[in-house]
There are 2 protein chains.
Amino acid sequence: MMSILDEMGTANRQLIVMGYKITRQREATLRVLFENEAEHLSAEEIFMLVKKNNPDIGLATVYRTLDLLNELDIVEKINFGDGVARFDLRSKDHEHMHHHLLCSECGQVKEIKEDWLQEMEVRLEKEFGFKVSDHRLEFTGRYHKCANKSCKKVRKAV
Amino acid sequence: MMSILDEMGTANRQLIVMGYKITRQREATLRVLFENEAEHLSAEEIFMLVKKNNPDIGLATVYRTLDLLNELDIVEKINFGDGVARFDLRSKDHEHMHHHLLCSECGQVKEIKEDWLQEMEVRLEKEFGFKVSDHRLEFTGRYHKCANKSCKKVRKAV
DNA sequence: CTTACTGCAAAAAGTTTGCAACAGG
DNA sequence: CCTGTTGCAAACTTTTTGCAGTAAG
């Protein structure tokens, strides 16, 4: 179990190794990502959170940082189909466990942390000559508790 | 095994039942979708194909038609992360078999027509109180034949 | 006839880029 | 210092919208 500081240190080290610089803006963006690991934030949302402590940061910088982190596989860029890209930390413990439940009623996105697909990946390589490097599994549906209208929307449903 | 005309008839009937009108533009768009079932066309691509036989159609109309078809569950709107929405027919035979292989080398998107997830859906309902209405499974990786640079790109890789 | 549908052009929304100034190592 | 990085504004891309005219049923 790593602390946020440890995890940020690891990410920073990855940046340095690849010849990138640690800047105030990049650290602030990483911090927001680590502090909101459970969420699936959009660039805009990340931007606004970073702005709280760094009012002078530019939106373009956040986009450039997220691009960079995506390239380094520190975050994963996902699109749930609502027109904005969202960004998810890809710490070691999450690897290959990118399963999501999307509730069409309340818009909630829940992460499922189990790897159910190992077997299928073996099959794909054998049968299709396709070597899997990553996967993504998403279930759309609704929670029982949302079937009655009592649940509050957390996001525009997809 | 239904013919294209049969399948289009079914889609048309769905439109009528829901109180929508059958127009030249909607029929042309449906025809393009049925004639290119294997592809995952973007709105722009569909627009250009429709234009071949219907030069006066507007891009906005294609967007509006695709939205409508999506709402009626005649097509599925998917986003592979390359910045454009793509549209997939959702005929009965395909239901619950939306699995894709994305080759990061050549950009090809292949459909896998098997349902591997029944068991998981039962589990989600029991353990999470989540009733699945649809799912989506995507594998990113590369074909063995693409590992050497000999394969030609079919699309900007995601 | 009536109301839904269309084409066009303009607007919106999300993201990227060019550039001069700035700052990390 | 030197080169990567930043903020800003402008550009770009994809999608949506307003509106006056058109056509399906």
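By convention in this document, chain letters (A, B, ...) are assigned in the order of the sequence lines, proteins followed by strands, and residues within each chain are numbered from 1.
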Please tabulate the protein-to-nucleotide N/O contacts below 3.5 Å involving nucleotides 21-25 of chain C, giving atom names and distances.
| unit_1 | atom_1 | unit_2 | atom_2 | d |
| --- | --- | --- | --- | --- |
| dG24(C) | O3' | I22(A) | O | 3.4 |
| dG24(C) | N2 | K21(A) | NZ | 3.1 |
| dG24(C) | N3 | K21(A) | NZ | 3.2 |
| dG25(C) | OP1 | I22(A) | N | 3.2 |

Polar-atom pairs under 3.5 Å, protein N or O versus N or O of nucleotides 10-15 of chain C: list them with distances, or write none.
| unit_1 | atom_1 | unit_2 | atom_2 | d |
| --- | --- | --- | --- | --- |
| dT15(C) | OP1 | A85(A) | N | 2.9 |
| dT15(C) | OP2 | Y63(A) | OH | 2.4 |
| dT15(C) | O5' | Y63(A) | OH | 3.2 |

Check nucleotides 18-20 of chain C against the protein and report each pair of N or O atoms closer than 3.5 Å, with its distance, or say if there are none.
| unit_1 | atom_1 | unit_2 | atom_2 | d |
| --- | --- | --- | --- | --- |
| dG18(C) | O6 | R64(A) | NH1 | 3.3 |

After noting the C-alpha distance and the side-chain angles of H40(B) and F80(B), does the key distance pass the ring pair (Phe, Tyr, Trp, His ring centres under 6.0 Å) rule?
-> CA-CA 10 Å; H40(B) 302 79; F80(B) 290 123; 5.7 Å; yes
Would you please test R123(A) and E125(A) for salt bridge (charged side-chain N to carboxylate O under 4.0 Å, His left out) and show each step?
-> CA-CA 5 Å; R123(A) 240 182 100 183; E125(A) 180 144 20; over 6 Å; no
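When the local axes at the two ends of the helix from dC1(C)-dG25(D) to dG25(C)-dC1(D) are compared, using 5 base pairs at each end, they differ in direction by 40° after rounding to 10°.
In this structure, CH2 on W116(B) lies 11.5 Å from CG on L137(A), to the nearest 0.5 angstrom. Considering NZ of K145(A) and SG of C106(A), their distance stands at 6.0 Å, rounded to 0.5 Å. Of the inter-residue distances, the one linking E37(B) atom CD with I4(B) atom CD1 reads 7.0 Å to the nearest 0.5 angstrom. Remark: K77(B) NZ to R86(B) CZ distance equals 13.0 Å, nearest 0.5 Å. In this structure, L66(A) CG and I46(A) CD1 are separated by 4.5 Å, a value rounded to the nearest 0.5 Å. In this structure, CD1 on I112(A) lies 8.5 Å from NE2 on H99(A), to the nearest 0.5 angstrom.
Applying the 6.0 Å contact sphere to CD of E119(A) captures no more than 12 heavy atoms from other residues, nucleotides or ligands. Other residues, nucleotides and ligands place more than 12 heavy atoms under 6.0 Å from the CD atom of Q14(A).
For DNA chain D, the span of nucleotides reached by chain B at under 4.0 Å from its heavy atoms goes, 5' to 3', from dT14(D) to dG25(D).
With respect to D134(A) and R90(A), a salt bridge is recorded, a charged nitrogen being found less than 4.0 Å from a carboxylate O.
Hydrophobic clustering keeps L69(B) apart from V84(B) (ILVMFWY residues linked when any side-chain heavy atoms are closer than 4.5 Å, directly or through intermediates).
Residues in residues 50-61 of chain B take part in no side-chain hydrogen bond (donor to acceptor under 3.5 Å, both in side chains) pair, two or more places apart or across chains.
Between the side chains of H135(A) and E121(A), a donor-acceptor pair is found at a separation under 3.5 Å.
Under the 4.5 Å side-chain criterion, counting only non-hydrogen atoms from C-beta, E45(B) is not in contact with V32(B).
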